Amino acid sequence: MACWLFKSEPDEYSIADLQRDKTTVWNGIRNYQARNFLRDEVAVGDEVLFYHSSCKPTAVAGLAKVVRGAYPDPSQFDPSSPYYDAKSKPEAPRWVCVDIAFKAAFKHPVTLDRIKATPALSEMLLVKQGRLSIQPVTEDQSKQVQSLAK
DNA sequence: GCCAACGTTGGC
DNA sequence: GCCAACGTTGGC
């Protein structure tokens, strides 16, 4: 089982929204590096750290799990969607999405500042490569983050 | 709202 | 098939 970190702007979709909805489609990914992870490596049963980005403070806010592997993101073919991509054809979809389910909302979200200040987490891509909305996390890192949230 | 980092694109 | 330009991302 692999672990991942998914970023979302809480104004758009927060861990509280996921708690309410139970499951959601993780769509709208329009960055190639993130898509490659989604398409090639994210699998059913994988653990997901749910990260709130572009807010104050940015933090890992909860836990989710993958319940459906990569399939074509329907929004890329919908002209009325903000995620519409005219260059993507149904016979060769450019973008994919996965489904995730709620597992937990952290009582104490683990802020980016805290992660940066924790030596065991200094190798996280979150710290080393900021701009990546889907990223792999080691099992140790995931456990560390979860223990900081208690 | 700046701008740095990345993968992809496309002109040559 | 090189490589400059582009689009996306997200902390500051």
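Keep in mind it's a predicted model, so treat the numbers as computed, not measured. Residue numbers begin at 1 in each chain, while the letters A, B, ... track the order of the sequences.
- Regarding A:Ile29, its CD1 atom lies at a distance of 18 Å from the P atom of B:dC6, rounded to whole Å.
- Closest contact between the side chain of A:Lys87 and the listed nucleotides C:dG11, B:dT8, B:dG10 involves B:dG10.
- Looking at heavy-atom distances under 4.0 Å, A:Lys116 makes contact with sugar-phosphate atoms alone, never a base.
- Between C:dG11, B:dT9, B:dA4, one nucleotide has an atom nearer to the side chain of A:Lys7 than all others, and that is C:dG11.
- For A:Glu9, the CD atom counts as densely surrounded, since its 6.0 Å shell holds more than 12 non-hydrogen atoms of other residues, nucleotides or ligands.
- When distances are taken from the side chain of A:Arg131 to each of B:dG7, C:dG10, B:dT8, the shortest belongs to C:dG10.
- Distances were taken from every side-chain heavy atom of A:Arg30 (C-beta onward) to each of C:dC12, C:dT8, B:dT9; the shortest belongs to C:dT8.
- Distance CG (A:Leu132) to P (B:dG7): 9 Å, rounded to an integer number of Å.
- Across A:Cys97 and A:Pro72, no two heavy atoms sit closer than the pair SG-O, 4.0 Å.
- Between A:Tyr32 and A:Trp95, the distance separating the two ring centers is shorter than 6.0 angstrom.
- With rounding to whole Å, A:Lys128 atom NZ is found 18 Å from C:dG10 atom P.
- Set against B:dT8, C:dT9, B:dC6, the side chain of A:Gln129 has B:dC6 as its closest nucleotide.
- A pairwise comparison of heavy atoms in A:Lys128 and A:Glu123 identifies NZ-OE1, 3.0 Å as the closest pair.
- Distance from the side chain of A:Ser54 is smallest for C:dG10 among the nucleotides C:dC12, B:dC6, C:dG10.
- Following rounding to the nearest Å, A:Arg39 (CZ) and B:dT8 (C1') show an atom-to-atom distance of 12 Å.
- Using a 4.0 Å heavy-atom criterion, one finds that A:Phe37 contacts no nucleic acid atom at all.
- In the set B:dC6, C:dG11, C:dT9, C:dT9 carries the atom at the smallest distance from any side-chain atom of A:Ser133.
- Note: CD (A:Glu9) to P (C:dG10) measures 7 Å, nearest angstrom.
- Ring-plane geometry between A:Phe50 and A:Tyr13 is classed as tilted, the angle between the planes lying from 30 to 60 degrees on a 0 to 90 degree scale.
- Between A:Gln76 atom CD and C:dG7 atom C1' there is a gap of 16 Å when expressed in whole angstrom units.
- Between the CD atom of A:Gln33 and the C1' atom of C:dG10 there is a distance of 14 Å, rounded to whole Å.
- Distances shown here put every side-chain N or O of A:Tyr32 at or beyond 4.0 Å from the OP1 or OP2 atom of C:dC6.
- Phosphate contact (OP1/OP2 of B:dC6, side-chain N/O of A:Asn36, threshold under 4.0 Å): absent.
- For the pair A:Leu126 CG and C:dT9 P, the interatomic distance rounds to 16 Å; values are reported in whole Å.
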